[in-house]
Amino acid sequence: GAGVSQSPRYKVAKRGQDVALRCDPISGHVSLFWYQQALGQGPEFLTYFQNEAQLDKSGLPSDRFFAERPEGSVSTLKIQRTQQEDSAVYLCASSLRLVEQAPSGGYTFGSGTRLTVV
Amino acid sequence: AQKVTQAQTEISVVEKEDVTLDCVYETRDTTYYLFWYKQPPSGELVFLIRRNSFDEQNEISGRYSWNFQKSTSSFNFTITASQVVDSAVYFCALSPAYNQGGKLIFGQGTELSVKP
């Protein structure tokens with residue numbers, strides 16, 4: 001597709017429920033990032049994939065968070081046993097190459113999934 | 001530690017006014033990248049500019065200009081003759097150059113409201 005697509009757009013989960021958030025990056029984009037954006041805050045890095053390899057997961061807040069990109073394209077962010085503090089917008093971004101190699105260096109972000117845990 | 005500070009939480013201007021959004025960063029890296037992104041109400045982050053730490057030339061793109069000053073660790077963004085469509089939240093971000101895949105460290109954002 002022309003842009004980064006994220007689904008669902010909105011998700012309401014009961015506390016303790018598992019959720020799965022999907023990201024379809026731009027076709028051919030090597031790098032894929034997940035960010036978490038709490039209300040009124042800047043996005044915070046969660047994890048990074050280069051193709052199917054998860055090279056950095058230092059931002060995942062707990063072992064309840066898990067991300068995968070098995071074929072190097074679509075990625076899924078899974079949150080187990082959701083808690084109220086997980087309520088946020090989850091943003092996915094992709095890039096054709098690593099930032100150091102990209103002429104412009106910009107990432108293309110999706111519109112995000114707004115997760116509300118009640 | 002790496003950090004980006006956008007001290008202005010909200011700015012309100014009247015159309016056609018010039019407005020400057022401040023960004024101050026902290027890093028011990030000698031090579032890094034700085035970005036500005038725009039987040040309209042629809043939610044996606046729109047890339048505006050990337051600067052390399054070794055290139056302190058200021059840049060102008062239409063009504064937008066950026067002032068990068070390494071001596072004061074600042075990367076300020078000016079919109080000339082603001083328009084209502086400029087209303088959005090603007091984020092400054094820092095990326096370390098060593099190979100962490102280029103993850104971005106964002107400031108808290110400045111919400112710009114341009115009134116007609």
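Numbered from 1 within each chain, the chains take letters A, B, ... in sequence-line order. The shown structure was predicted, so the numbers you read here are calculated from the model rather than taken from an experiment.
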_Shared hydrophobic cluster, B:Ile11 / B:Trp36 (ILVMFWY, side-chain heavy atoms < 4.5 Å)_ = yes

_According to a hydrophobic-cluster definition based on side-chain heavy atoms being under 4.5 Å apart (Ile, Leu, Val, Met, Phe, Trp, Tyr only), do B:Val19 and B:Phe68 belong together?_
yes

_Within a 6.0 Å radius of atom NZ on B:Lys38, are there more than 12 heavy atoms belonging to other residues, nucleotides or ligands?_
yes

*Pick one of side chain, backbone, both or neither for B:Gln6, based on which atoms fall under 4.5 Å of a heavy atom in chain A.*
neither

*In Å and rounded to the nearest 0.5 Å, what is the CD to CZ distance from B:Glu44 to A:Phe109?*
11.0 Å

*Is it true that B:Phe106 and A:Phe45 have ring centroids separated by less than 6.0 Å?*
no

*Is B:Lys70 atom NZ crowded by more than 12 heavy atoms from other residues, nucleotides or ligands, each under 6.0 Å away?*
yes

*State, to 0.1 Å, how close B:Ser42 and A:Ser111 come at their nearest heavy-atom pair, and which atoms those are.*
O-CB, 4.0 Å

*Under 6.0 Å from the CZ atom of A:Arg64, do we count more than 12 heavy atoms belonging to anything else shown?*
yes

*Roughly how far, to the nearest 0.5 Å, is NZ of B:Lys103 from CG of A:Leu46?*
10.5 Å

_Check: B:Val46 main-chain N/O paired with A:Tyr107 side-chain donor or acceptor under 3.5 Å_ = no

_Is it true that, when you exclude B:Gln57 itself, more than 12 heavy atoms of the residues, nucleotides or ligands shown sit nearer than 6.0 Å to its CD?_
no

*asked:* What part of A:Gln6 gets within 4.5 angstrom of chain B, counting heavy atoms only: side chain, backbone, both, or neither?
replied: neither

*Report yes or no: do B:Phe91 and B:Phe35 belong to one cluster of Ile/Leu/Val/Met/Phe/Trp/Tyr joined by side chain heavy-atom distances under 4.5 Å?*
yes

_Heavy-atom pair count under 4.5 Å with chain B, highest-scoring of A:Gly40, A:Pro43, A:Ser58_ = A:Pro43

*Calculate, to the nearest 0.5 Å, the distance between atoms CG and CD belonging to B:Leu45 and A:Gln37 respectively.*
6.5 Å

